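Keep in mind that this is a model prediction, so the values were computed, not measured.
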There are 2 protein chains.
Amino acid sequence: MRIKDIAKLAGVSPATVSRVMNNNGYVKEDKRKAVLEVIEAVDYQPNEIAKSLKSQKSRMIGVIVPKISTETASRVVAGVTHVAKTAGYQVLIANTNLDIEEEIKYLKFLSNKSVDGIIMMGTEVTDRHLEVMNKLTIPIVILGQKVSGYTSIIHNDYDASYQMTEYLINQGHKAIGFIGVDEKDYAVGVLRKKGYLDCLSDYNLNGSDGLIAIGDFDIDTGFKMMKKILAKSQPTAVFAVTDHLAIGAIHALLDQGYRVPEDISVVGIGDIKLAEYLNPPLTTMHYTFKTSGQMAAEAVFDLIENNAHKGEQLMTSFQLKERRSVKHL
Amino acid sequence: MRIKDIAKLAGVSPATVSRVMNNNGYVKEDKRKAVLEVIEAVDYQPNEIAKSLKSQKSRMIGVIVPKISTETASRVVAGVTHVAKTAGYQVLIANTNLDIEEEIKYLKFLSNKSVDGIIMMGTEVTDRHLEVMNKLTIPIVILGQKVSGYTSIIHNDYDASYQMTEYLINQGHKAIGFIGVDEKDYAVGVLRKKGYLDCLSDYNLNGSDGLIAIGDFDIDTGFKMMKKILAKSQPTAVFAVTDHLAIGAIHALLDQGYRVPEDISVVGIGDIKLAEYLNPPLTTMHYTFKTSGQMAAEAVFDLIENNAHKGEQLMTSFQLKERRSVKHL
DNA sequence: CTGTTAGCGCATTCAA
DNA sequence: TTGAATGCGCTAACAG
């Protein structure tokens with residue numbers, strides 16, 4: 001059913017149908033009514049693709065995520081779809097499974113006007129990314145990493161990490177272990193580590209090598225890194241940079257016969273949904289991933305529709321969730 | 001950069017450029033080379049929207065999910081995006097937040113050729129849904145519910161539930177509580193309950209009213225329903241129809257001073273990622289949500305590209321994960 | 001106020 | 001083997 005058919009049925013021209021559908025231009029009341037009736041009767045739905053070709057806008061945005069099945073990513077996407085809906089946009093998901101080539105491929109592919117804007121949830125942003133991003137003609141916002149020159153939504157990783165470390169110190173801990181990730185992920189790998197190190201140093205504490213272990217993002221890494229730390233040192237608390245890592249660490253501890261938090265305390269960052277249902281309930285920093293997604297979406301729409309200033313850096317808040325995985329010494 | 005520009009740069013006609021891009025028709029080798037060089041040089045990306053308008057195919061599929069931030073949904077979407085990628089399709093996400101009107105709206109909206117096929121992750125499939133689905137001209141596959149006449153990917157909820165109940169009975173349990181959900185969700189609300197009831201009956205056991213509680217899908221419901229059951233009866237085991245419900249139940253039990261599984265055993269269905277890291281590690285039925293998503297995607301593509309027979313019912317497997325939340329009596 | 005025309009970028013006739 | 005012309009469905013410009 002095309003606009004032409006509706007026009008014929010209503011006894012008007014296609015242009016008139018278009019005018020009533022889009023509520024612009026003058027249309028006499030009786031014709032408008034006639035058109036509306038036909039539209040109603042046949043449940044006419046305009047062809048969005050044709051509209052896109054004409055208007056050079058697709059009313060779609062692309063979201064590039066490293067791994068959709070992750071709680072973080074799905075919360076972000078929930079936030080994005082939420083504001084996209086009220087703005088009348090559709091969202092296209094590109095799941096890259098952390099493959100940089102895939103990310104770049106999608107960056108290019110999505111750009112040929114097949115979407116009006118892009119939100120990229122970044123882990124690592126390389127020069128290759130930048131090169132492609134610089135050629136993009138559509139707005140892009142980066143979520144999770146700070147990229148100068150591009151609008152970014154970032155989590156306050158440094159402060160969150162610093163404050164978490166400080167919290168542990170305030171609870172009387174001095175030997176604080178650290179489980180981190182590779183520095184290729186600047187936000188998580190570098191910033192969270194720096195927050196920890198700086199805080200330690202500010203309190204004249206020592207982050208010796210034996211207390212620090214670096215690995216991947218998964219629970220199993222948390223498990224292994226915890227054992228590695230235990231082999232070299234005797235922390236009273238361990239700060240894992242993600243909740244999953246913390247869960248792995250707790251299990252390693254339990255496995256070695258330690259009690260948490262009685263013998264060793266453990267904290268994470270992120271506040272996954274189940275954090276409070278863990279045993280012990282995990283003390284962690286609550287991150288507002290859904291809100292980040294919303295902010296990112298609002299930022300792209302602002303860029304798309306209002307030609308907003310590109311390059312703004314928005315920072316989301318975090319909040320300490322004190323639960324029961326830390327012992328006050 | 002349009003096809004016309006490339007043509008000009010390469011000194012050929014747009015038609016020739018189109019021929020080399022799509023590898024069809026005859027093109028003399030030197031011209032082909034010239035075109036390829038220009039394409040390479042300017043990194044030409046064809047306009048997908050124009051292609052779609054021309055071909056009447058968008059190479060996109062829509063996925064309607066009740067709530068993307070849910071582990072189940074995000075695993076399904078991971079499966080869908082995975083096979084979509086290899087098939088060269090993009091996926092459009094429509095997040096309905098369990099709003100039936102939204103589902104219907106998207107069913108209509110996505111259909112106007114803006115996608116080539118739809119995967120709907122269903123909770124409740126009403127007559128209104130059916131009415132709209134019947135008018136659809138593009139293929140649709142339902143995931144999670146059985147809808148006759150439509151290709152559906154279903155989980156074997158009845159058998160999973162029956163076997164879980166039987167497992168509990170084999171462990172010596174006779175008073176088995178049940179935490180379920182509303183029957184509007186046929187698969188989870190009706191089938192899983194029926195599996196439980198039928199099994200009980202086959203073993204001449206009694207699913208008295210005091211042992212059964214029905215509520216929503218969230219953890220808190222599990223908590224409340226568990227307390228409700230405890231107020232009326234004294235089960236030795238409780239079967240919750242989802243892992244989240246089971247987690248809530250465990251917490252209610254702990255809260256009342258019971259030990260799990262020493263005093264009361266608890267099982268769930270789904271096998272969320274953290275199930276094995278819970279305390280106690282949760283015995284549950286492993287469901288293959290990512291595989292379901294893959295199957296659904298394969299099914300739509302089959303419908304789209306090979307005009308496959310519509311109405312097939314595919315059932316996914318499940319597997320008991322015996323962990324430590326059940327005591328052998 | 002309304003209809004006719006043209007063109008968005010592409011692939012596909014049809015001629016040459 | 002190639003190019004010119006056409007049309008996918010829509011909306012904007014222009015004419016009336």
Side-chain angles (χ1 to χ4, degrees), chain A residues 1-36 38-39 42-60 88 90 108-116 137-138, chain B residues 1-36 38-39 42-60 88 90 108-116 137-138:
Chain A
M1 197 52 88
R2 301 151 307 163
I3 203 169
K4 211 198 253 182
D5 303 314
I6 304 298
K8 198 164 291 174
L9 289 174
V12 298
S13 76
T16 299
V17 176
S18 173
R19 286 194 261 265
V20 346
M21 297 253 359
N22 301 295
N23 257 312
N24 69 8
Y26 303 94
V27 179
K28 216 184 258 168
E29 210 35 60
D30 58 333
K31 297 221 174 194
R32 173 185 305 277
K33 212 176 139 213
V35 169
L36 253 15
V38 175
I39 287 174
V42 306
D43 194 21
Y44 169 65
Q45 308 268 358
N47 182 314
E48 296 296 327
I49 292 175
K51 288 173 78 162
S52 295
L53 181 60
K54 177 69 189 172
S55 67
Q56 303 287 38
K57 304 220 172 304
S58 64
R59 293 202 82 78
M60 294 197 301
Q90 293 299 305
K108 285 187 183 178
F109 177 84
L110 293 176
S111 63
N112 349 324
K113 295 289 172 226
S114 92
V115 297
D116 297 339
T137 53
I138 56 173
Chain B
M1 198 51 89
R2 301 151 307 164
I3 204 170
K4 212 200 254 181
D5 303 314
I6 303 298
K8 198 164 292 174
L9 289 172
V12 299
S13 75
T16 301
V17 177
S18 174
R19 288 189 186 102
V20 346
M21 296 257 352
N22 302 293
N23 256 313
N24 67 10
Y26 303 94
V27 179
K28 216 183 259 169
E29 210 35 60
D30 58 334
K31 297 222 175 196
R32 173 184 307 276
K33 212 175 140 215
V35 170
L36 252 15
V38 174
I39 287 174
V42 306
D43 194 19
Y44 169 66
Q45 307 269 358
N47 182 313
E48 295 297 326
I49 292 174
K51 288 174 76 163
S52 294
L53 182 60
K54 178 69 189 175
S55 67
Q56 304 287 38
K57 305 219 173 305
S58 65
R59 292 201 83 80
M60 294 197 301
Q90 293 298 305
K108 285 186 182 177
F109 177 84
L110 292 175
S111 62
N112 350 324
K113 296 288 171 225
S114 91
V115 297
D116 296 340
T137 52
I138 56 174

Is there any salt bridge (Lys or Arg N to Asp or Glu O under 4.0 Å) pair reaching into residues 45-60 of chain A, and which pairs are they, with sequence neighbours excluded? A:Arg59-A:Glu305

Determine, stepwise, if the pair B:Leu110 / B:Met60 fulfils side-chain contact (heavy atoms from CB on, under 4.5 Å). CA-CA 10 Å; B:Leu110 292 175; B:Met60 294 197 301; over 6 Å; no

Quick one: salt bridge (charged side-chain N to carboxylate O under 4.0 Å, His left out) partners of A:Lys108, sequence neighbours excluded? B:Asp43

DNA chain D: first to last nucleotide in contact with chain B (atom under 4.0 angstrom from a heavy atom), 5' to 3', is D:dT1 to D:dG9

List the residues meeting side-chain hydrogen bond (donor to acceptor under 3.5 Å, both in side chains) with A:Asp116, not counting sequence neighbours, and say none if there are none. A:Ser58

Could you tell me which non-hydrogen atom of B:Ile39 sits nearest to which non-hydrogen atom of B:Ile6, and how far apart they are? CG1-CG2, 4.0 Å

With B:Asp30 via salt bridge (charged side-chain N to carboxylate O under 4.0 Å, His left out) - residues at least two apart: none

Measure the angle between the two terminal helix axes of the helix from C:dC1-D:dG16 to C:dA16-D:dT1, five base pairs each, and quote it to 10°. 50°

At a heavy-atom distance below 4.0 Å, which nucleotide of DNA chain C is the first touched by chain B, and which is the last? C:dG9 to C:dT13

Could you tell me which non-hydrogen atom of B:Ile138 sits nearest to which non-hydrogen atom of B:Ser111, and how far apart they are? CD1-CA, 3.7 Å

Those residues at least two apart in sequence (or on a different chain) that pass side chain to side chain contact (heavy atoms under 4.5 Å, CB included) with A:Ala34 are none

Students often get this wrong, so: under 4.0 angstrom with heavy atoms, is B:Lys28 touching a base, only sugar-phosphate, or nothing? sugar-phosphate

Nucleic acid contacts - residues 12-21 of chain B versus DNA chain D, non-hydrogen atoms under 4.0 Å: B:Val12, B:Ser13, B:Ala15, B:Thr16, B:Arg19

Of B:Gly25 and B:Ser55, the one whose closest nucleotide on DNA chain D sits nearer the 5' end is B:Gly25

Pair listing, side chain to side chain donor-acceptor pair (under 3.5 Å) test, anchored in residues 3-12 of chain B, at least two apart: B:Arg2-B:Asp5

Which residues within residues 42-50 of chain B lie with some heavy atom under 4.0 Å of an atom in DNA chain C? B:Tyr44, B:Pro46, B:Asn47, B:Ala50

Which donor-acceptor pairs under 3.5 Å do side chains of residues 11-27 of chain A form with protein atoms, sequence neighbours excluded?
| residue | atom | partner | partner atom | Å |
| --- | --- | --- | --- | --- |
| A:Ser13 | OG | A:Ala15 | N | 3.4 |
| A:Ser13 | OG | A:Thr16 | N | 3.4 |
| A:Ser13 | OG | A:Thr16 | OG1 | 3.4 |
| A:Ser18 | OG | A:Asn22 | ND2 | 3.4 |
| A:Asn22 | ND2 | A:Ser18 | O | 2.8 |

For B:Tyr44 and B:Met1, the nearest pair of non-hydrogen atoms, with its separation, is CE1-O, 3.3 Å

Drop me the distance from B:Ile49's CD1 to A:Ser55's OG, to the nearest 0.5 angstrom. 7.5 Å

